[in-house]
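Some notes on the structure that comes next.
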Amino acid sequence: METAYDLIVIGAGPGGYVSAVRGAQYGMKVAVVEKDALGGTCLHRGCIPTKTLLHTAGLCRELREADAIGISVGDVKIDLDRIYQRKREVTGKLRDGIGFLFESNHIDLIPGCAQIIAPGKVKVSKGDETCILKAKNILIASGSIPTRPPIPGLELPGVITSDDLLGDAPPSFKSLVIIGGGVIGVEFATLLHDFGLEITVIEAMNRILPTMDREISQNLSMLLKKRGVALYTSAMVQRIETCGDGLCCHFTQKEKETAVNAQAVLVAIGRRANVRDLFAQGMQVRQNRGILVDEAFQTSIQGIYAIGDVVDGGIQLAHVASAQGCCAVAHMVGWPAPIDLKTVPACIYTSPEIASVGITADQAKEQGIPVKTGKFILSGNGKSIIENQDRSFIKLVFHEDTQVLLGAQLMCARATDLISELATAVANSFTLEQLSQVIRPHPTYTEAVTEAVEDALGRAIHIAPRV
């Protein structure tokens with residue numbers, strides 16, 4: 001039996017379910033095929049559980065440091081079973097919310113594994129049962145899976161991925177080596193260290209967060225080391241071996257081999273497109289490291305679209321997948337793209353938080369763009385002092401000639417919320433003078449934006465005059 005739809009979405013993560021709801025809003029008959037739970041990787045093995053744990057871990061650290069503000073709490077006891085139960089409660093509530101959206105928008109949820117067998121045809125398998133769905137449009141939002149490099153010993157018990165760490169059971173180990181100092185690595189280093197684990201991070205590049213502003217990388221390195229996290233950069237892992245009741249991670253740094261022992265090893269070097277068994281034999285969809293798409297997210301086969309982590313060279317962020325889905329569905333119904341995809345804010349939920357949008361001063365220099373910058377250290381910000389924050393800053397990058405905001409880099413409390421104002425400014429080419437005309441309330445972290453703007457103008461109030 002065949003069932004016909006206007007749109008079949010493969011995957012119910014933030015790209016897939018948003019696309020499905022938007023399609024229903026356009027009047028399309030929509031089905032979503034999902035082999036796991038509603039919400040996909042982001043909700044169950046990514047953004048939401050990680051940030052739930054980070055929130056709890058941050059509270060643990062604040063309680064340990066509460067003496068500094070006059071509160072004595074004694075020993076902070078951590079119940080990882082209850083913490084992980086809380087994680088499940090959060091994801092469950094959000095999963096149920098997506099289910100409600102599907103019901104209220106009359107979207108059919110079809111559990112099972114999807115395979116595209118022909119243009120406009122999807123086979124769904126669950127156990128011994130299969131069915132065929134037909135649709136004018138198919139949208140692939142199957143996400144990504146952790147990358148596992150060819151390192152000897154990666155198959156050993158105790159070598160895990162972020163998917164394993166975010167499962168139902170909390171970690172039983174007390175020490176961990178993290179291979180990879182990117183976003184995944186530093187977020188887990190932050191939260192697990194705050195839970196009392198001994199953490200070592202090994203990064204192949206010459207600094208952690210190598211794609212971020214250099215000052216952000218340097219500042220975070222300093223803070224992590226100060227808190228007791230061991231960092232090794234420009235270090236290549238050679239092999240992992242069993243050692244006593246744990247593992248031994250061998251790596252080279254400056255041509256010298258070093259080894260670190262831990263009870264577990266987390267491989268956190270990124271994620272790759274999840275396309276296994278997605279296409280039937282004979283379906284020649286162009287692929288490289290992911291699925292190749294055009295500016296409307298249509299693949300090499302008309303009527304088949306792909307968005308999010310599964311796209312070749314794409315930015316692997318949940319909000320990007322959602323935005324791409326909205327644009328792809330708009331194209332299906334003949335509408336212009338509703339979202340500017342050129343301006344993408346990036347967020348990292350360490351402590352302090354990190355957020356950026358647009359380009360850095362170094363990137364502008366590489367592109368031959370003349371810039372002027374404004375910067376404010378939040379040691380002079382009232383809200384930051386009240387909340388006993390670590391060293392933080394906001395940096396803004398303007399075109400020297402046009403005065404248009406080109407980028408912003410933040411490392412401070414609430415950075416992931418503050419970045420939206422600056423993303424709006426970048427997307428709309430706001431100028432230095434326009435940003436300087438805004439009144440930002442006191443006492444707030446947003447005052448630091450005003451100070452950074454005024455620093456670029458040479459008239460910041462809470463910065464000593466430049467000599």
Yes or no on side chain to side chain contact (heavy atoms under 4.5 Å, CB included) for Thr373 and Phe398, after CA distance, side-chain angles and deciding distance? CA-CA 6 Å; Thr373 61; Phe398 297 92; over 6 Å; no
Go through the steps for Asp36 and Arg45 under the test salt bridge (Lys or Arg N to Asp or Glu O under 4.0 Å), then give the verdict. CA-CA 11 Å; Asp36 199 352; Arg45 296 176 300 280; 2.9 Å; yes
For residues Ile178 and Phe188, determine if any side-chain heavy atom of one lies less than 4.5 Å from a side-chain heavy atom of the other. yes
Which pairs pass side chain to side chain donor-acceptor pair (under 3.5 Å) with one or both residues in residues 196-208, sequence neighbours excluded? Arg207-Ser217
Verify the distance criterion only: is there a donor paired with an acceptor across the side chains of Tyr349 and His55 at less than 3.5 Å? no
For the atom pair CD1 (Ile98) and CD (Glu34), what is the distance rounded to the nearest 0.5 Å? 9.5 Å
Only pairs at least two apart or in different chains count here, so list each side chain to side chain donor-acceptor pair (under 3.5 Å) that has a residue in residues 187-196. Lys51-Glu187, Arg61-Asp194
Show every side chain to side chain donor-acceptor pair (under 3.5 Å) that has at least one partner inside residues 219-228, sequence neighbours left out. Asn219-Arg391, Arg227-Asp390
Is a donor on one side and an acceptor on the other found under 3.5 Å between the side chain of Glu421 and the backbone of Leu418? no
State, yes or no, whether a side-chain contact exists between Cys113 and Asp277 at a heavy-atom distance under 4.5 Å. no
Tell me whether Ser384 contacts the main-chain N or O of Gly380 through its side chain, where contact means a donor paired with an acceptor under 3.5 Å. no
Roughly how far, to the nearest 0.5 Å, is the CZ atom of Phe393 from the OG atom of Ser379? 12.5 Å
Return yes if a side-chain donor-acceptor contact under 3.5 Å exists between Glu433 and Gln437, otherwise no. no
Tell me, please, which residues at least two apart from Glu387 pass salt bridge (charged side-chain N to carboxylate O under 4.0 Å, His left out). Lys383
Sorted by first residue and then second, give each side chain to side chain donor-acceptor pair (under 3.5 Å) pair with at least one member in residues 140-157; sequence neighbours left out. Ser144-Arg271, Ser144-Asp309
Any sub-3.5 Å donor-acceptor pair from Asp312's side-chain atoms to Ile291's backbone N or O? no
On a heavy-atom basis, which atom in Leu435 and which in Ala425 lie closest, and how many Å separate them? CD2-CB, 4.0 Å
For the residue pair Glu353 / Thr416, report whether a side-chain donor-acceptor contact shorter than 3.5 Å exists. yes
Is Ser322 reaching over with its side chain to a backbone N or O of Ala318, donor-acceptor style, under 3.5 angstrom? yes
How long is the gap from CD1 on Ile461 to CZ on Arg459, to the nearest 0.5 Å? 9.0 Å
Applying salt bridge (charged side-chain N to carboxylate O under 4.0 Å, His left out), name anything that partners Asp164, two or more places apart in sequence or on another chain. none
Determine yes or no for a side-chain-to-main-chain donor-acceptor pair under 3.5 angstrom, with Ser356 supplying the side chain and Ala408 the backbone. no
Enter the distance from Ile199:CD1 to Leu192:CG here, rounded to the nearest 0.5 Å. 5.0 Å
Minimum-distance pair of heavy atoms, taken over all atoms of Tyr84 and Ala169: CE2-O, 3.6 Å
Distance-only polar pair, side chains of Glu241 and His250, donor-acceptor under 3.5 Å: yes
Determine yes or no for a side-chain-to-main-chain donor-acceptor pair under 3.5 angstrom, with Asn288 supplying the side chain and Gly290 the backbone. no
Around Arg88, counting heavy atoms of other residues, nucleotides and ligands shown, do more than 12 lie under 6.0 Å from its CZ? yes
Heavy-atom pair of closest approach, residues Gly15 and Ala141: C-CB, 4.3 Å
Hey, does the side chain of Gln409 reach the backbone of Ile394 with a donor-acceptor pair shorter than 3.5 angstrom? no
For Leu432, does its backbone N or O pair with a side-chain atom of Gln403 as donor and acceptor, under 3.5 Å? no
For a side chain to side chain contact (heavy atoms under 4.5 Å, CB included) check, start with the C-alpha distance between Thr299 and Tyr305, then their side-chain angles and the critical distance, and finish with the verdict. CA-CA 5 Å; Thr299 69; Tyr305 296 74; 5.6 Å; no
How far does OG1 of Thr52 sit from CG of Leu191, to the nearest 0.5 angstrom? 10.5 Å
Is the count of non-hydrogen atoms from other residues, nucleotides or ligands lying under 6.0 Å from Arg440 atom CZ greater than 12? yes
Verify the neighbour count for atom CE of Met236: are there more than 12 heavy atoms of other residues, nucleotides or ligands below 6.0 Å? no
Side chains of Gln238 and Thr252 only: does a donor on one sit below 3.5 Å from an acceptor on the other? yes
So does Asp455 pair up with Lys395, basic N to acidic O under 4.0 Å? no
Lys87 (side chain) donor-acceptor with Leu166 (main chain) under 3.5 angstrom: yes
Would you compute the distance between atom CG of Leu266 and atom CD1 of Ile202 and round it to the nearest 0.5 angstrom? 11.5 Å
Please check this pair: side chain of Glu447 against backbone of Asn381, looking for a donor-acceptor N/O pair closer than 3.5 Å. no
I'd like to know whether Leu405 forms a side chain to side chain contact (heavy atoms under 4.5 Å, CB included) with Thr431, so could you lay out the CA-CA distance, the side-chain angles of the two residues, the decisive distance to 0.1 Å, and finally the verdict. CA-CA 6 Å; Leu405 182 67; Thr431 65; over 6 Å; no
Above 12 or not: heavy atoms from other molecules or residues under 6.0 Å from CZ of Arg286? no
Test log, rule side chain to side chain contact (heavy atoms under 4.5 Å, CB included), inputs Ile354 and Leu410: CA-CA 6 Å; Ile354 295 167; Leu410 288 65; over 6 Å; no
In plain terms, say whether Arg82 and Glu89 are close enough for a salt bridge, that is, a side-chain N and a carboxylate O under 4.0 Å apart. yes
Glu454 versus His462: any side-chain heavy-atom pair under 4.5 Å? no
